[in-house]
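Worth saying up front: this structure is predicted, and the values here are computed from it rather than measured. In what follows, every chain begins at residue 1, and chains take the letters A, B, ... in the order their sequences are listed.
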Amino acid sequence: MDQKKIRVRFAPSPTGPLHMGGVRTALFNYLFARKHGGDFLLRIEDTDQTRYVPGAEAYITESLKWCGLVPDEGPGFGGSFGPYRQSERKAMYFSFARQLVDSGWAYYSFDTPGDLDRLRAEAEAAGEVFAYNQQTRGSLCNSLALTPGETEQRISSGEPYAIRFKMPENMDVTEEDLIRGSVTFNTRELDDKVLFKSDGMPTYHLANVVDDHLMEISHVIRGEEWLPSMPLHILLYRAFGWEESRPRFAHLPLILKPQGKGKLSKRDGDKMGFPVFPLLWKDPESGENFRGYREDGYFPEAFINMLALLGWNAGTDQEIFTMEELIENFSLERVVKSGSRFDPEKTRWFNRYYLQQKSAAELAALFMPLLEAKNIQAAPDKVVAVIEEIKDRCDFVADIWEQGHYFFEAPAVYDEKTVAKRWKAETPAQLEAMAALFETIGSWEAGAIKEQFSAFMNEKGWNFGGVMNPLRLCLVGGNLGPDLFRICELIGQEETISRIRKAVQLIG
RNA sequence: GGUCCGUUCAUCUAAGGGUUAGGAUUCAAGAUUUUCAUUCUUGCCAUAGGGGUUCGAAUCCCCUACGGACUGCCA
């Protein structure tokens with residue numbers, strides 16, 4: 001058996017921003033392609049004109065680029081199997097649908113959406129569920145129930161119609177899913193899906209199968225929500241006579257909400273305080289903003305690493321993977337079958353890990369723009385030195401400010417609890433003495449400051465904690481931060497003294 | 001309702017008939033830090049329930065329960 005080239009596709013619909021479940025699907029496709037030296041394509045499934053959202057496709061593309069999942073082929077990425085937008089392939093789908101009608105695998109349906117809505121409503125009122133299937137098609141308005149003459153007449157008179165798949169009766173369709181193993185459906189339970197809509201566009205089912213065939217896709221790796229339509233797709237390949245070359249299927253488990261029931265949805269981010277989208281998304285309709293991992297300060301490598309481990313593992317204790325390591329280790333066999341609850345805490349932990357791996361200089365480059373946005377001028381050397389001191393208390397670049405703002409500006413407020421606990425009657429006098437001492441120090445460097453400080457303290461016989469804690473309060477505004485003398489050194493002699501005197505004055 | 005898929009610590013997961021059921025996150029405690037955080041150490045915590053098969057079951061089979069997806073001229 002000759003080995004077909006591995007070709008996989010990520011086929012989102014541009015109906016809104018890509019959410020993290022979609023990114024994970026793209027990631028697994030990408031890893032599978034890279035692992036096997038194959039191609040990763042992006043195909044835009046925009047066959048539903050009513051749901052088209054401007055900007056969604058650009059969002060998808062930008063998200064994939066941010067994540068490092070750059071397609072080998074796709075709109076704007078080149079490739080010889082294009083076009084890669086289904087709307088641009090529109091002209092070819094009808095003949096495929098027509099081919100199925102001619103071969104008896106499909107039929108014309110004249111029932112209007114309104115007719116069907118009514119039937120569904122009636123069935124529901126009767127406590128039943130309406131399905132357009134082998135039981136009901138004989139009594140509905142279609143080319144199976146009508147005479148050939150009537151059908152012909154309706155078509156030539158320009159009556160709109162859809163083309164439906166004629167689901168075979170009582171046939172077992174079994175497929176070896178690459179993740180789930182053998183899955184069997186009986187066609188008796190399946191309905192006659194629309195393949196071609198009355199608006200001249202194919203449905204997902206038709207377009208998907210036709211395009212996967214034409215684009216020579218070898219493996220369809222998609223979300224579990226598609227599992228129920230797998231038998232239809234398999235039958236379509238059979239109906240077209242493409243069974244020999246048809247792709248293999250792998251259905252990925254879903255990503256579930258951190259708490260509560262159901263799969264992760266767009267709104268969960270706002271409700272539970274974490275992004276569900278890779279990038280910030282401004283909804284063009286409502287103007288509403290949805291937060292993104294990028295804007296929330298996550299590194300793409302952390303985001304990808306987290307996503308990769310949501311439903312997959314290498315079979316070892318390794319949890320930190322570069323993209324190269326993911327490619328090397330990836331296999332569909334090691335994808336878990338059950339849905340995974342998303343864990344925002346673990347995601348934060350991954351980000352922390354990647355941040356800690358970066359040098360102070362790298363972080364400084366990322367942090368400088370934040371300082372500039374606050375109109376704070378700081379020497380790059382100082383920023384690097386500050387980050388060196390506080391990096392290990394940060395999970396995000398923005399935490400550098402949270403954890404170290406006092407290196408760049410005098411505290412505006414003093415933590416009340418700390419004041420209550422550390423500020424004693426003798427404190428003002430002691431601090432004033434300290435300010436005076438600091439004025440005499442010639443070499444303003446942590447070691448020297450500490451030496452002078454200690455000598456002075458010993459001479460006075462003061463309690464170290466009794467002075468150091470209030471001193472820290474003056475400089476940082478609270479009971480936190482790295483080594484006190486490093487803080488003194490970094491903020492400078494003049495500023496240190498000025499902050500002491502200011503605090504003494506304000507706190508009293 | 002129907003069809004299909006699933007079920008190991010709170011969470012992500014390992015263990016593919018024989019392990020004290022392992023790792024990570026979270027949480028808790030101790031050590032370090034004359035502060036806070038970090039770091040380190042330790043700890044807590046799981047095979048949904050019931051039947052089989054077997055010398056032996058988290059692992060294989062059946063039933064139940066629970067969870068999920070789908071059930072559109074959406075994808």
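- The cationic group of A:R164 lies under 6.0 Å from the six-membered ring centre of A:Y132 and within 45° of the ring axis, placing it in a cation-pi geometry.
- At least one side-chain nitrogen or oxygen of A:S340 sits closer than 4.0 Å to the OP1 or OP2 atom of B:U13.
- With B:C70, B:U35, B:C73 as the candidates, the nucleotide lying closest to the side chain of A:E225 is B:C70.
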Distances under 3.5 Å between protein N/O atoms and the N/O atoms of nucleotides 44-46 of chain B, please, pair by pair.
none

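- Residue A:D48 is in sugar-phosphate contact alone, with no base atom involved, counting any heavy-atom pair closer than 4.0 Å across all strands shown.
- For A:K263, there are no side-chain hydrogen bond (donor to acceptor under 3.5 Å, both in side chains) partners, not counting sequence neighbours.
- Of the inter-residue distances, the one linking A:M201 atom CE with A:K90 atom NZ reads 5.5 Å to the nearest 0.5 angstrom.
- At the heavy-atom level, A:N186 lies nowhere under 4.0 Å from the strands shown.
- In this model, the phosphate group of B:U13 is not approached by any side-chain N or O of A:K337 to a distance below 4.0 Å at OP1 or OP2.
- Backbone-only contact: A:V336 has heavy atoms under 4.0 Å from sugar-phosphate atoms and none from a base.
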Just the table, please: protein N/O against nucleotides 65-68 of chain B N/O, every pair under 3.5 Å.
unit_1 : atom_1 : unit_2 : atom_2 : d
B:G67  : OP1    : A:K261 : NZ     : 3.0
B:G68  : OP1    : A:G262 : N      : 3.2

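- Within 4.0 Å of A:P12, counting heavy atoms only, lies no atom of the nucleic acid at all.
- The existence of a salt bridge linking A:D191 and A:K193 is confirmed by a sub-4.0 Å separation between a basic side-chain nitrogen and an acidic carboxylate oxygen.
- Going from atom CG of A:L232 over to atom CG of A:D192 covers 9.5 Å, rounded to the nearest 0.5 Å.
- Where A:R120 and A:S338 each meet RNA chain B at their nearest nucleotide, the meeting point lying more 5' is that of A:S338.
- For the atom pair A:D199 CG and A:T50 OG1, the distance stands at 8.5 Å (nearest 0.5 Å).
- Counting any heavy atom pair closer than 4.0 Å across all strands shown, A:T184 reaches sugar-phosphate atoms only and no base atom.
- Under 4.0 angstrom from either OP1 or OP2 of B:U35 there lies no side-chain N or O belonging to A:K421.
- In this structure, CZ of A:F321 is placed 18 Å from P of B:C12, rounded to the nearest angstrom.
- For the atom pair NZ of A:K391 and CD of A:Q403, the computed distance is 14.5 Å after rounding to the nearest 0.5 Å.
- Expressed to the nearest 0.5 Å, how far CD1 of A:I320 lies from CG of A:L309 amounts to 8.5 Å.
- Both distances falling under 3.5 Å, in either a Watson-Crick or a G-U wobble arrangement, place B:C40 opposite B:G30.
- Using a 4.0 Å heavy-atom criterion, one finds that A:S198 contacts the bases of the nucleic acid, with or without backbone contacts as well.
- Contact check, A:R51 against B:G72: no side-chain N or O comes under 4.0 Å of OP1 or OP2.
- With rounding to the nearest 0.5 Å, the separation of OG in A:S109 from CG in A:L146 is 10.0 Å.
- As rounded to the nearest Å, B:C63 and B:G23 have C1' atoms that lie 34 Å from one another.
- Within 4.0 Å (heavy atoms only), A:T47 reaches sugar-phosphate atoms of the nucleic acid but no base atom.
- With rounding to whole Å, A:R222 atom CZ is found 13 Å from B:A69 atom C1'.
- Taking the side chain to side chain contact (heavy atoms under 4.5 Å, CB included) definition, one finds that A:A360 meets it with A:V384, A:I387, A:E388, sequence neighbours left out.
- Using atom P as the reference point in both B:U7 and B:C12, the two lie 12 Å apart (nearest Å).
- Considering only the side chain of A:D392, B:U38 comes nearest among B:C4, B:C74, B:U38.
- Look at the C1' atom in both B:C61 and B:U54: the space between them is 12 Å, to the nearest Å.
- Taking only side-chain nitrogens and oxygens, A:R348 never comes nearer than 4.0 Å to OP1 or OP2 of B:U25.
- Nearest to the side chain of A:L310, among B:C12, B:U25, B:C5, sits B:C12.
- In the set B:C5, B:U25, B:C12, the nucleotide with an atom closest to the side chain of A:W349 is B:U25.
- For the segment residues 200-210 of chain A, the set of residues with a heavy atom within less than 4.0 Å of an atom of RNA chain B comprises A:T203, A:Y204, in numerical order.
- Heavy-atom distances to RNA chain B give each of A:E189 and A:L484 a nearest nucleotide, and the one nearer the 5′ end belongs to A:E189.
- Across the C1' atoms, B:A24 and B:C45 are found 14 Å apart, a figure rounded to whole Å.
- Using a cut-off of 4.0 Å between Lys/Arg side-chain N and Asp/Glu carboxylate O, A:D483 and A:R486 are scored as not salt-bridged.
- A salt bridge does not link A:R85 with A:D46: every distance from a Lys NZ or Arg NE/NH1/NH2 to an Asp or Glu carboxylate oxygen is 4.0 Å or more.
- Figure legend: A:R334 and A:F330 shown without cation-pi pairing, the cationic atom not lying both under 6.0 angstrom from the six-membered ring centre and within 45 degrees of its axis.
- Closest contact between the side chain of A:A162 and the listed nucleotides B:C5, B:C73, B:U71 involves B:C73.
- Within the 4.0 angstrom heavy-atom criterion, only backbone atoms of the sugar-phosphate kind lie near A:R352; the bases stay farther away.
- Side-chain N/O atoms of A:N313 include one lying less than 4.0 angstrom from OP1 or OP2 on B:A14.
- Residue-level contact check: A:R334 touches the backbone only, with heavy atoms under 4.0 Å from sugar-phosphate atoms and none from bases.
- Remark: B:G6 base-pairs with B:C66; criterion is Watson-Crick or G-U wobble with both hydrogen-bond distances under 3.5 Å.
- Phosphate proximity of B:U26 to A:R341: absent, as no side-chain N or O sits under 4.0 Å from OP1 or OP2.
- Remark: B:A15 base-pairs with no nucleotide; criterion is Watson-Crick or G-U wobble with both hydrogen-bond distances under 3.5 Å.
- Between A:F408 and A:F367, the two ring planes are tilted [angle within 30° to 60°].
- Backbone-only contact: A:G311 has heavy atoms under 4.0 Å from sugar-phosphate atoms and none from a base.
- Distance from the side chain of A:F185 is smallest for B:C4 among the nucleotides B:A75, B:C4, B:A37.
- Across every strand in view, B:C60 sits in a pair with B:G52 that passes the Watson-Crick or G-U test at under 3.5 angstrom.
- To the nearest whole angstrom, the two C1' atoms, one in B:U26 and one in B:G43, are 14 Å apart.
- In this model, a side-chain donor or acceptor of A:R472 finds a partner on the base of B:U35 within 3.5 Å.
- Using P as the reference atom, B:A69 and B:U64 are 22 Å apart when rounded to the nearest Å.
- One atom, CG of A:L190, and another, C1' of B:C4, lie 10 Å apart when rounded to the nearest Å.
- The gap from the C1' atom of B:G50 to that of B:A65 amounts to 10 Å, rounded to the nearest Å.
- Salt-bridge formation is detected for the pair A:R137/A:E169: a Lys NZ or Arg NE/NH1/NH2 atom is positioned less than 4.0 Å from an Asp or Glu carboxylate oxygen.
- Looking at residues two or more places apart in sequence or on another chain, you find no ring pair (Phe, Tyr, Trp, His ring centres under 6.0 Å) involving A:W349.
- Atom P of B:U13 sits at a distance of 15 Å from the matching atom of B:G6, rounded to the whole Å.
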